[in-house]
S.K.: 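Just dropping this structure here.
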Amino acid sequence: DIGDLSALSDAELGMHVERLEREERAASSRRTRLHDRISFVQAGGYADAALADEQLASLRAAEEELSERRQLLHRELDELRAERSRRRLEL
C-alpha cells in the first residue's frame, strides 16, 4: 500500500507505476507458464495418475494465489493511473 497518493510527487507517482507494471508483467509471465504446466499435466504429461492429481492441485493453488496477486496489482495500478490522470486534468 502506497498510502496518500496526493503526497507523492509526479516523479514518485511515475516510479510507482513503472514498478507495479514490471511486477504485473512478471506475474503475468509466471501465470502463463503455470497455465502451460497445467495443460501439460492435464494432457497426460505424468504417467502416474496419483502424481498428476497432486501436481494439478499444487499448480492450481499456485495459479490462484498468483491470480489474486495480479488482481491486487491491477487495482493499485488503476489507482495510480487515476491519480496521474487527475493531475493532468488539473493543469
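We use all heavy atoms of the structure for the numbers below, so side chains are in, but hydrogens, waters and symmetry mates are not.
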S.K.: Salt bridge or not between Glu79 and Arg75? Use side-chain N to carboxylate O under 4.0 Å.
M.R.: no
S.K.: Between Ser58 and Glu54, is there a donor-acceptor pair closer than 3.5 Å when you use the side chain of the first and the backbone of the second?
M.R.: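 Answer holds: no.
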S.K.: Got Arg87 and Leu8 here, is their nearest side-chain heavy-atom distance under 4.5 Å?
M.R.: yes
S.K.: Please determine if Arg70 and Glu23 form a salt bridge, counting it only when a charged side-chain N lies under 4.0 Å from a carboxylate O.
M.R.: no
S.K.: Decide whether Arg33 and Ser29 meet the rule of one side-chain donor and one side-chain acceptor closer than 3.5 Å.
M.R.: yes
S.K.: Spell out, yes or no, whether Leu20 and Met15 are grouped together once hydrophobic residues are joined by side-chain heavy atoms under 4.5 Å, including indirect joins.
M.R.: no
S.K.: NE2/His16 to CG/Leu77 distance, rounded to the nearest 0.5 angstrom?
M.R.: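 The CG atom of Leu77 is 11.5 Å from NE2 of His16, to the nearest 0.5 Å.
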S.K.: Measure the CG-CG distance between Leu51 and Leu56 for me, rounded to the nearest 0.5 Å.
M.R.: 11.0 Å
S.K.: Just verifying a value: how many Å separate Glu12 CD and Leu80 CG, rounded to the nearest 0.5 Å?
M.R.: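 Glu12 CD to Leu80 CG: 11.5 Å, rounded to 0.5 Å.
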S.K.: Check whether any side-chain heavy atom of Arg37 lies under 4.5 Å from a side-chain heavy atom of Val41, and answer yes or no.
M.R.: no
S.K.: To the nearest 0.5 Å, tell me how far Glu64 CD sits from Ser67 OG.
M.R.: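 Answer for the CD-OG pair, Glu64 versus Ser67, is 8.0 Å.
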S.K.: Determine whether Arg30 and His35 make a side-chain contact, defined as any pair of heavy atoms from C-beta on separated by less than 4.5 Å.
M.R.: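 With C-beta onward as the side chain, the pair stays apart.
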S.K.: How far does CZ of Arg69 sit from CG of Leu66, to the nearest 0.5 angstrom?
M.R.: 9.5 Å
S.K.: What's the separation between atom CD in Glu83 and atom CG in Asp4, rounded to the nearest 0.5 Å?
M.R.: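 Answer rounded to 0.5 Å: 8.0 Å.
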S.K.: With salt bridge (Lys or Arg N to Asp or Glu O under 4.0 Å) as the test, pick out the partner of Arg31 among Glu65, Glu63, Glu24, Glu68.
M.R.: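 Answer to the salt bridge (Lys or Arg N to Asp or Glu O under 4.0 Å) test with Arg31 among Glu65, Glu63, Glu24, Glu68: Glu63.
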S.K.: Go through it in stages, so that I can follow the logic: the residues are Leu34 and Arg60, the test is side-chain contact (heavy atoms from CB on, under 4.5 Å), and I'd like the CA-CA distance, side-chain angles, deciding distance and then a yes or no.
M.R.: CA-CA 8 Å; Leu34 277 171; Arg60 287 181 175 143; over 6 Å; no
